[in-house]
Every structure is written in structure tokens, then in C-alpha cells.
Amino acid sequence: MIDTRPSRFMRAAALCVAAGTLALCGLISPASAQTSGTPSAKQGDKKEPRFVRVIFRSGRVIEGEIVSESTTKIRVKISESGIKSEVEYDKAEALKITYDVKPGAEVAPEATKPDYTPAAAAIPPESTGPRKNLYWIDLEGKFGEEITQTPIRDAIKDAKKNKADVIVLYLNADFSQNPLEQLPDDAANFDEIFRAEDIVPIFTQEIPREWETQPRIVFWLRQAMAGASLLPMVCPEIYFHSEGRVGGLGNLSFIFEGVGDDFVREKQRSLRLGHAEGWVLAGGYDYRLVRAMARAEYVLSVRYVNGKPELFEGYPTEPGEELLTDDGKESNIDSLRERVTATGNDVLTLNARVAKLLGVSRDTVDTKEDLLVAMGIDRTYKDVPGRSKQIMKSWADGLSSAKRELKKLYQDFGDVQVDQPDNYANRTKARGTRIRILEDMKRVLRRWGEALSRRWLQENNIPPEVEIDNAIEAIKIQQMKDRR
Amino acid sequence: MKHLVRSLHASLAWLLVAFAAILCSPGALAVDKIVLKDGTTVEGTIVREVDGFIWIKTQVAGVDQEKMFTPQEVGSIVRDAAAAPVSSDPVLRADGRPVISLSGAPKAAIITLGSRERGHGDTIGIEIQAFELKEMIPLLEDELGTDGKGIVVFRITSGGGLLLEIQRLSDVIQNEYKKRFRTVAWIDSAISAAAMTSHAIEEIYFTPQGNYGACTGYSGALVAMKGRGLEGVLYMMEKISARGGYNPMIMRSMQIDVPLSCTIDPNGEVHWYQDATSGEILVNREKEILTFNAETARRVKFSRGTANTIDELKTLMGYKELDWVGKKEKGYTWPISKAEKWNIAWRLKVSEDQDRLNLYWAAFQREYAAAASEPRETRGRFINKARASLNKMREATKRNPNLGLLEFNLLTEEELQEWFEAREKELRDLMK
């Protein structure tokens, strides 16, 4: 089920209309609302000025002291030809923002990393040393269908057979309702995380158990929305594509809305969040990230201490602190414009910039070569001739063919005719044909069942295996009762 | 009135027995002190010591609690001068039987309660039952010994289940396992009834992905348990919280939407408050239901630590070496003991029964109808098939009587037997 939260938008629109100022909705910036209304938690702390270097896409570089900062803008005190001024820049124009630089110093080669990712911090650069066998897996297609445990497990086995030292998984999961329409950032399907739970043990249990020398596992993310978002988060080493996005979990606060009692709905939300937080913690990340990705009322901000991001609950109160998600209430509800342009902050969607700022992404790279440079293995890697492409393709082709076969079997079952129904042999033959078709359906379901969603099965009237067994038994009884 | 008098007599008798037991208990009047390395002092009666691990019985608000401390936690012990000294070998277990000190590493077994594998089953009351835990005790004693040094680690992976099984499971853990073994919970996922079951265990560790909570009782379309029923479950969990040594406010915030906060004082003691503001750490917000993750549980000392592997768990438990009993088997991260092997097989069978009981019932009805529509002389083969289906149902419900309740709404084993006998009679009548 995909929830694009129309009801919330209607609520937002209704509020604005009630105020008689539709235009105001776009003008109320969450950041300004917060700074004026929220008491400072750390009023006594006087922060040292923080310097920043911004490299723009145009090639221009500026350095200066940060005056204020939001998700989309940064205001910097700069000095040009001895004239000091404050200038606000659009972050979208920046290619790279480096914090806590010493004015005039060279750009630090390493991006800032959070101190809450112990696993991530442990991976050494490998610019020298013996050749590393690199095994590459492309994860593309629909999450839970083409991207599913059986082909991934097979590819990992193949990687082991090929003595891989490093496994890179390029994840670009389809997030669309139909082939023509990609879903936006604010579309969500939190419950798909349970589908991810069938896949993550490959990384959290099976590889640690079955590989004597642990391979270095790297996720390179282009798109990981809804259930797919959980998959890379169990691994400590993630890189983003510049168009990368991770999210699609933002409907948790609205799940089961209107059904049953409040605190039972809360139970359902709480247990779901408990599952998702657990996997994020297993990857070495801060669980509050997933809370911000899932719960609209959760307020999360980030500050930078010694260049490292530090998450905190609540609104920013000091310059340099950045709001990640507001409480999504009243005037803070994302406007339609913000939702369309993916600039809202009711829930968190990690893009390349935010992911890097928060230390989730180690770097933003758009090519394999850049990735290998960022990983520090560009001079030491060796591609191993694995079968991952064939494995993934053969699964995708097989699944597609299995779907067609199931539809045809269903149709064939309905089409079984008994020639001359008064003939016992013909009736027996028809029953035999029906049983054979049902057995074939069972065979296909067993082989491909993990990738056939309940929705697809329902839409195509394919019964579960236990019902097929029931139908077979019923036919056998008919046969026993039949007389020549 | 007569009933009331009899109840009073019975209560008095129990009180007398309990009082006598307290008087006779060797350590009843002893006040031992354990000073922990973080400065906390715990007073009570030391009831068990094994390899530096100490179990001390204390009272909190008049309720007896048994706490366990690892050698790493204990700074010093001040024993009551009047009490007999507790020697290190042999020592007395909680049940008074001597513990035989053996050389070598202590033996430990992992027992899974639920699994992430599809079809392996993870429902409390279906694939996780008091019956199953009881059946494993002789196997575990065979493998771990009966000297009280054995360790049972319950690896819990369950999304919850039947309310009716919680008390039964808690009783087996409290009265059977904790008396025989050092009993530990290693939380992979303990939601709802699974958390309520684990709550009787003092020593809880998490996996990195672990979660624990969301214990709200409900039925049907998310309709909350209310009134007397809810009050009863809240009370049950207060008593189970005392078994595990947990402040009952923690479980209450997992059951109903009440806030919870806590403060950890300089001595490391955690003070709990059933509101969002009194404590320094907000544990559960207003109108939310609490589920711990590994980090939040560790932070407020609910979890004793986070372990991803049995090696990490061993270290957290304070051991340099542990003898994990069992054989390495493909697809399993830890050695599979005989008890665990039985456990997995039982769970698989029960899970299959659960899936197929409706199928057997449908088959029985179909075969019965076929028999009834046949002339008497040809009914036999249909009746035989119907009886075979009935026997499959009987075996399934024998393995797991809760299936009778779930599938046929039959509350007791007697009702279930009567139901089967009625079906048998129907088959016999067809042959008349």
C-alpha cells in the first residue's frame, strides 16, 4: 500500500484557508518559526565562530564565518578585497561545503563523519597494499521482487567463490506506482520494512557466519525508498549518488488512522519503529534518523561539534545548528509546494547532501571510478569476473516468466472442459488435468513466492498454496465419488 | 460464607507455611551487602554464588526480588557476621541443593524462542509454549548438568502472541529454569507477549537490532483491552516485573500510553518516574507506547549490554570461556544443542499444524459430506479418509492444545476431547 497522505495535505490546505492566507503557507519557514518560538536549551553556551568553505558548481570558492544556516540556505560572513559583508547562499548551488576550515587552509581530504557510527569509523583507507578482489552487484528493479533474498544470496555466494575482498552493491530500487510515474519523496510505505527483514540477515548473520575473512561491504545508493531504505542501513559503509535518496517511511504516524483505539494504533507504530531502529543501529547509525524518517511529529536537528555532526531532539537555538525535521503540525505542515519540490521537513528523506552532512554517506560519487577513489581502492582493486549480472538478470527474467505462467495456469484451470461429460474417462481426464495445473501453480509459487506480493496474487486471483492443496483434495474426493 | 472462611483458613495456612519457611531459611535474617564498582550498595541475602556471580535477594516496596551481579560489577561483599559464611565451594543454590564446583568452562546452551526464518514459527502460545520449555528441561540437564552452573540463553525472536500463555511461560522460567540454570534473555525481537514473557528474566542482553516492548493487549480491529481485563493484565505484569527485578512502571509504559522518564544518579542507580518531566531522560513520551531498542535499553540499564555474536555475549556475561554445548550445523550461528534441536523440530511441526489445521478440517467436512451422500455400502472409504483427517487434527491439537482454542474456540482440553468424540460418533453413526 502506498500512502501519499492526501488527508494531511487537505488538513494543511484547510488550515491555510481558515486563516484566509493561502499564500502564507509558503512563507512560513519552519526554521524562522522555531527560532522565534523555542526557548534556548543552551543559552549559556557561547559558541566559537565556525568557518566554512563553499565550492560552487560554477567553480567559485568562498570562505567565511557561518552566520546562520538552514536546510537550503547558508549565510556567511565573508571578506572580499578587505570589505566584509554577509551573504546568503543557496545550498543547491554548492558542489561541496566544508565546515570548520581554517581560513586559507587547504581543503581537508576526508569528509566529516559522525561519532555515532563506530563501525563506519573503523574502515581504513586502502590506497596501497595488495590487490583487492572487487565483486560488483547491481540491485535494480522493484524492491521485494527483483531485489530479493534469493538472487542476492546467490550473488554473495558467487562473491565468496570468487574470493572477493570487497563487495559493492549499487542500489537503485524502483519507487513507482506504475511504469510511467515515479513516486515523490513524500510517498511512503513503512510496512515494507518487514519485507526488508527477509533480506538483511544475509548481511547481518550469513556473511559474518559463513565468511572466514570478512569482506568489505559497500552500498552505493541511487534510490532506496520505503522497504529498500532499510537494506543499506545495516551496513556501515554507504556512498550516495548525487541524485540519491533514502526515505519513503514517513507514513508511520498515520498508519491505521481511524481504526480501533488510539493506544493500540500507537502500539503498532511503536513496534514497527522498534524494528526499523534496530536495523539502523545494527549498521552503526543513530536510531533517531529513522525516527525522523518515519514520524511526522518528531523534531530532530543537528549541530556540528569539532566538525562532527551531533543529532539532538528539538529545534535549533544556535547559529550553525540545522533543523532536519519539524513537528509537522499546524503551520509546520509541509506545503504542497514543499512536498512537490521535496523540500519539506515533516519527515526526513536523506539526499546526497544531508546524508553526507550527517555522516551516513561517506561521499557523493556519480561514477564507479569516483566511488573507488572515495573508497581508497582505485589503485589496488581488481574486478573479479563474477556472475552477479547473470544471477540478477536470470532472477528478474524468471520472475517475469513465473508471473505470466501463473496467470496462464489460472486461465487454463478455468478453461478445462470435459468432452462428453457423460463419459467417465473424460471426466477423470479433466480432473487429472486440473490437478496437474494446480500442482504446477504450487511449483511456481514455491520457487518464486518470495517475490510475488500479496497484492499481485490477489489482483490475479492466485490462491495461496494451502488453498490449492484444499482444491486438489476436493477434486480427489469428486473422483472417488464418481462412477463409471 | 463457608467458602470465605475456608479461603481465610487456606490463606492463613499459606501465610504460616511462608513464615515458617522464612524462619527456617538459613539466610533469613542475614543482611549482606554488595558494593558495586559504580558505588551502588545492594543489601539483602546472598542466596547463590557461582564463579564470582552473585545472586542476592532484596526487598523493594515489600516485594522480594532476586538480583544477579557479574564479577565485573561487584566491588566488594560485606557478609552478615551472624550468618554462616558462604563458602565458594560448595555453595547453596536458591533451592538449597549444593552446587558442585567443576573445573573447566561453564556449559551454556542457546534456546531459540521464535525465529526469523519463514515457516519456523514465532508466536507465543503457538510455537512458543510453556509445554515446550518444560519438555526441554531434562535434555538441558543432560547437556548442562544439574550442578546449577549451566547457563540457558533464551534467544527471543517473536512478534507476540496469546495473552493466556504469558503467565504459564513466566512460571516455567521462574520456577523451573531459574532454579536450575543461570537464565539469560538475548533479545533479537521481543514484541508484546514476547517482551512480557522475557520480563521474568533479570539478565537481559540485546542484539544490535533488538527491540522490546509494545505490549498493549487488543483484539480484532485494534480494539484495546479495557476495564477489568486490562487491570488484570497490568497487575499480572507488575508481579512478573518483580520476578525480573524491573520497576513496574517500565512495563506499564509498554502496555498503556503513559509517559516514562528516569534519572540515573551518581551511583548509577536508575530512578523511574511515570511522567515525562520528572526524570532527566525521557524514556516514553505522552500518548506513546514504549518499545526499547538496543541503545535506549542499554542507556537506562534495562539491558546489560549489546551482543551480536555468542562470543560478544559471553564477554558481556563476564566469562572468558564458555562451553557452548551442541554441534555446529549449517545455517546456524551457534552450536545446536540436543534441546535446541528438539525445540526447532517441535516448532516446525507446530507451525505446520497451525498452517494446515484448517485444511484438515475442510477435508474432514468434505469427506464426511461425501460419505453421507453415498449409499451405506460404499461409505467406508470416505469415512476412513474422514477419520484420517480427524486424526491429523487430533495429533496437531495434542501437540498444541492452544490450537483448539484458536481454531475451534474450545477452552479446555476436556472440551477439545469431547469435540473429537462427537466427531467420531458422527462417523460411527454413518456406518450404522
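Given the structure is predicted, the values throughout are model-derived calculations rather than measurements. In what follows, chains are A, B, ... by sequence order, proteins preceding strands, each numbered from 1.
Dense packing is recorded around CZ of Arg434(A), with more than 12 heavy atoms of other residues, nucleotides or ligands lying under 6.0 Å away. Annotation: Lys161(A), atom NZ; neighbour count of heavy atoms from other residues, nucleotides and ligands within 6.0 Å does not exceed 12.
Using a 30° and 60° split on the angle between ring planes, His275(A) and Phe194(A) fall in the perpendicular class, above 60°.
No hydrogens or angles considered: a donor-acceptor pair under 3.5 Å links the side chains of Arg209(A) and Thr333(B). Using modelled atom types and a 3.5 Å distance limit, the side chains of Thr148(A) and Arg195(A) yield a donor-acceptor pair.
Residue with the most contacts toward chain A among Arg118(B), Gln255(B), Gln209(B): Gln209(B) (heavy-atom pairs, distance under 4.5 Å). Counting heavy-atom pairs under 4.5 Å between each of Asp469(A), Val466(A), Asp262(A) and chain B puts Asp469(A) at the top. The greatest number of non-hydrogen atom pairs below 4.5 Å with chain A, out of Gly210(B), Ser373(B), Gly213(B), is found for Ser373(B). Note: Lys226(B) leads Lys226(B), Met254(B), Lys330(B) in heavy-atom pairs under 4.5 Å with chain A. Highest contact tally toward chain A, considering only Arg381(B), Arg356(B), Glu117(B), is held by Arg381(B) [criterion: heavy-atom pairs under 4.5 Å].
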Practice task
Please step through ring-ring contact (aromatic ring centres under 6.0 Å, His included) for the pair Phe302(B) and Tyr212(B), ending with a clear verdict.
Solution key: CA-CA 10 Å; Phe302(B) 178 79; Tyr212(B) 188 109; 4.9 Å; yes
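The closest donor-acceptor contact from the side chain of Arg265(A) to the backbone of Val259(A) lies under 3.5 Å. One N or O on the side chain of Lys267(A) and one on the backbone of Thr216(B) form a donor-acceptor pair closer than 3.5 Å. A donor-acceptor pair under 3.5 Å is absent between the side-chain atoms of Lys327(B) and the main chain of Ile336(B), judged by distance alone. A distance-only check finds a donor-acceptor pair linking the side chain of Gln274(B) to the backbone of Pro259(B) [under 3.5 Å].
In this structure, no portion of Glu465(A) lies under 4.5 Å from any heavy atom of chain B. Contact of Leu282(B) with chain A is not made at all, since no heavy-atom distance falls under 4.5 Å. In this structure, the portion of Arg295(A) lying under 4.5 Å from any heavy atom of chain B is its side chain and not its backbone. Using a 4.5 Å cut-off between heavy atoms, Glu467(A) does not touch chain B at all. Thr309(B) does not touch chain A: none of its heavy atoms, backbone or side chain, sits under 4.5 Å away. Ile191(B) touches chain A through its side chain: at least one heavy atom from C-beta onward sits under 4.5 Å away, while N, CA, C and O do not. The contact between Glu313(A) and chain B is made entirely by side chain atoms (from C-beta outward), counting heavy-atom distances below 4.5 Å. The part of Tyr298(A) that comes within reach of chain B is its side chain, from C-beta onward, which places non-hydrogen atoms under 4.5 angstrom from that chain. Only the side chain of Gln268(A) has a heavy atom closer than 4.5 Å to any heavy atom of chain B. For Tyr332(B), the part lying near chain A is the backbone, with the side chain staying farther off; criterion is any non-hydrogen pair under 4.5 Å.
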